[in-house]
Protein chains: 2
Amino acid sequence: MESSPWEARLREQGFRITAQRQLVLESVNQLGHGTPEEILSSVQKTASGVNLSTIYRTLEVLESVGLITHTHIGHGAPVYHSQDESPHIHLVCDDCAEVTSIPAASAAQFSLDLKETYGFTAHMTHMAVTGSCKTCASKSELKSNG
Amino acid sequence: MESSPWEARLREQGFRITAQRQLVLESVNQLGHGTPEEILSSVQKTASGVNLSTIYRTLEVLESVGLITHTHIGHGAPVYHSQDESPHIHLVCDDCAEVTSIPAASAAQFSLDLKETYGFTAHMTHMAVTGSCKTCASKSELKSNG
DNA sequence: CGGGTCAAGAGAACTATTCGCATGTCACCT
DNA sequence: AGGTGACATGCGAATAGTTCTCTTGACCCG
């Protein structure tokens, strides 16, 4: 019997294949963006006994073998997504909290500058960029003009 | 009697002048970068009775009147700094956690791109940029080559 | 300089995450 | 297939960071 790519990934690194790991991975893939809590809820639809600790531990494992990545979008809750998606930067509105994903390539020049000037290899996808979205920016303009 | 600029700032917005607010502001100015806990310690050198709740409330007030700003540097505690300092972006090394400050102007072109392409007004100083610093980047190169 | 109202102190509560330990289970080895 | 040892999970307690509630204290307008 042949094994799925994700199973092979885990096995290569000496990790075991468990139902929990499969379910968490499937939930992350399906959710697109998901916090640990959201992933727990999703997993519990199938297996209600799964514990939050397991979610955290499993996310860590899946990330360490490169199946998923996470991004910090605000204060607390990190967001996990499938490594299959093309790398993207998150723009988060401080005001309405809307999240826009843009191609990581948008920051190519900025990254290059950081590399050349400071020798710093930036991971632009790991931390969101905060600011004001189109809608909220025009709202606050109206306010200051009115 | 004339009042300091920071007192005026608070009063303008209807806030009272208190010893705690003065001490917190002075600590932030003095520390350069400080987490709420660090600011508490610093304040307590002068006034040992000050409570952590007060630190949080005061930081919020001082930020709302524009005397200080904060930046999210990673998972843990946010970092506060004086608004007097010139605006800067924080580069944080994932590996050694070293923080480098660079002028906000370094991201001017990137910000402009975000504005023009997505209508998004980025606040580059509010969230740190993570990645690998010069030292750690060369270390991991050595590892993969050796 | 009295009093209304905002601020501070104290500690509980809350959110997000991690840890320790006992039990369960995967996978290797016969 | 069955035994076994190490790894994984469940569970609750612990931790970190922050916010809330409530009572007491203090600023500052008049």
Side-chain angles (χ1 to χ4, degrees), chain A residues 1-4 6-25 27 33-41 43-44 46-65 67-68 70-80 97, chain B residues 1-4 6-25 27 33-41 43-44 46-65 67-68 70-80 97:
Chain A
M1 127 180 155
E2 70 194 39
S3 60
S4 324
W6 65 269
E7 295 186 356
R9 263 303 176 72
L10 284 170
R11 258 191 263 271
E12 275 167 26
Q13 313 276 324
F15 293 107
R16 294 182 180 169
I17 309 305
T18 69
Q20 288 87 340
R21 286 173 181 171
Q22 177 182 352
L23 289 171
V24 168
L25 181 57
S27 292
H33 290 91
T35 62
E37 287 287 348
E38 288 165 351
I39 293 162
L40 177 68
S41 301
V43 166
Q44 286 186 338
T46 306
S48 63
V50 175
N51 196 275
L52 185 54
S53 306
T54 302
I55 302 294
Y56 279 102
R57 284 186 289 226
T58 302
L59 289 171
E60 197 182 334
V61 167
L62 293 177
E63 182 157 30
S64 79
V65 301
L67 288 167
I68 62 176
H70 79 273
T71 298
H72 294 281
I73 293 232
H75 337 93
V79 156
Y80 285 82
Chain B
M1 130 182 152
E2 70 193 39
S3 59
S4 325
W6 65 268
E7 295 187 356
R9 259 312 173 66
L10 283 169
R11 258 191 263 269
E12 275 166 26
Q13 313 276 324
F15 293 106
R16 293 180 180 171
I17 309 305
T18 68
Q20 289 86 339
R21 286 174 180 169
Q22 178 183 351
L23 290 172
V24 168
L25 182 57
S27 292
H33 290 90
T35 62
E37 288 285 348
E38 287 164 352
I39 292 163
L40 176 68
S41 300
V43 166
Q44 287 186 337
T46 307
S48 63
V50 176
N51 195 276
L52 185 54
S53 308
T54 302
I55 301 294
Y56 280 101
R57 282 186 291 228
T58 302
L59 289 171
E60 197 182 334
V61 168
L62 293 178
E63 183 158 29
S64 80
V65 301
L67 288 167
I68 62 176
H70 78 272
T71 299
H72 295 281
I73 295 233
H75 328 99
V79 157
Y80 286 81

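Throughout, protein chains are lettered first and strands after them, A, B, ... in sequence-line order, and every chain is numbered starting at 1. What's counted below: heavy atoms across the whole structure, side chains too, no hydrogens, waters or symmetry copies.
Among the atoms of the strands shown, only primed sugar atoms or phosphate atoms (P, OP1, OP2) are found under 4.0 Å from some heavy atom of A:Val50. Within 4.0 Å of B:Ile17, counting heavy atoms only, lie sugar-phosphate atoms of the nucleic acid but no base atom.
Between A:Glu60 atom CD and C:dT17 atom P there is a gap of 12 Å when expressed in whole angstrom units. Atom pair A:Arg11:CZ and D:dA8:C1' shows a separation of 15 Å (rounding to whole Å applied). Computed from coordinates, the B:Arg21 CZ to C:dG9 P distance equals 11 Å when rounded to whole Å. Between the P atom of D:dC29 and the CZ atom of B:Phe15 lies a distance of 15 Å, rounded to the nearest Å. With rounding to whole Å, A:Glu38 atom CD is found 15 Å from C:dT15 atom P. Rounding to whole angstrom units, NE2 of residue A:His72 and C1' of C:dT17 are separated by 12 Å. Remark: P of D:dG17 and CD1 of B:Ile73 are 14 Å apart, rounded to the nearest angstrom. Between the C1' atom of C:dA16 and the NE2 atom of A:His70 lies a distance of 14 Å, rounded to the nearest Å.
Side-chain N/O atoms of B:Ser53 include none lying less than 4.0 angstrom from OP1 or OP2 on C:dA8. Dashed line: the shortest gap from a side-chain N or O of A:Tyr56 to OP1 or OP2 of C:dT18 is not under 4.0 Å. At C:dG9, one or more side-chain N or O atoms of B:Gln20 fall inside 4.0 Å of OP1 or OP2 (strictly under the cut-off).
Within a 6.0 Å sphere centred on CD of A:Glu60, heavy atoms belonging to other residues, nucleotides or ligands number 12 at most.
Side-chain atoms of A:Arg16 and base atoms of D:dC7 include a donor and an acceptor less than 3.5 Å apart.
For B:Thr18, the listed nucleotide lying nearest its side chain is C:dA7; candidates were C:dA7, D:dA8, D:dG10.
One finds the CZ atom of B:Arg21 at 6.5 Å from the CG atom of B:Leu10 (value rounded to the nearest 0.5 Å). Here CG of A:Leu52 is found 5.5 Å from CG of A:Leu40. Values are rounded to the nearest 0.5 Å.
Using a 4.5 Å cut-off on side-chain heavy atoms (C-beta onward), A:Thr58 and A:Leu23 make no contact. The side-chain heavy atoms of B:Glu37 and B:Ile55, taken from C-beta on, include no pair separated by under 4.5 Å.
If you find the closest nucleotide of DNA chain D to A:Asn51 and to B:Ala19, the one lying nearer the 5' end belongs to A:Asn51. For the pair A:Arg57 and B:Gly49, nearest-nucleotide mapping onto DNA chain C gives the more 5' position to B:Gly49.
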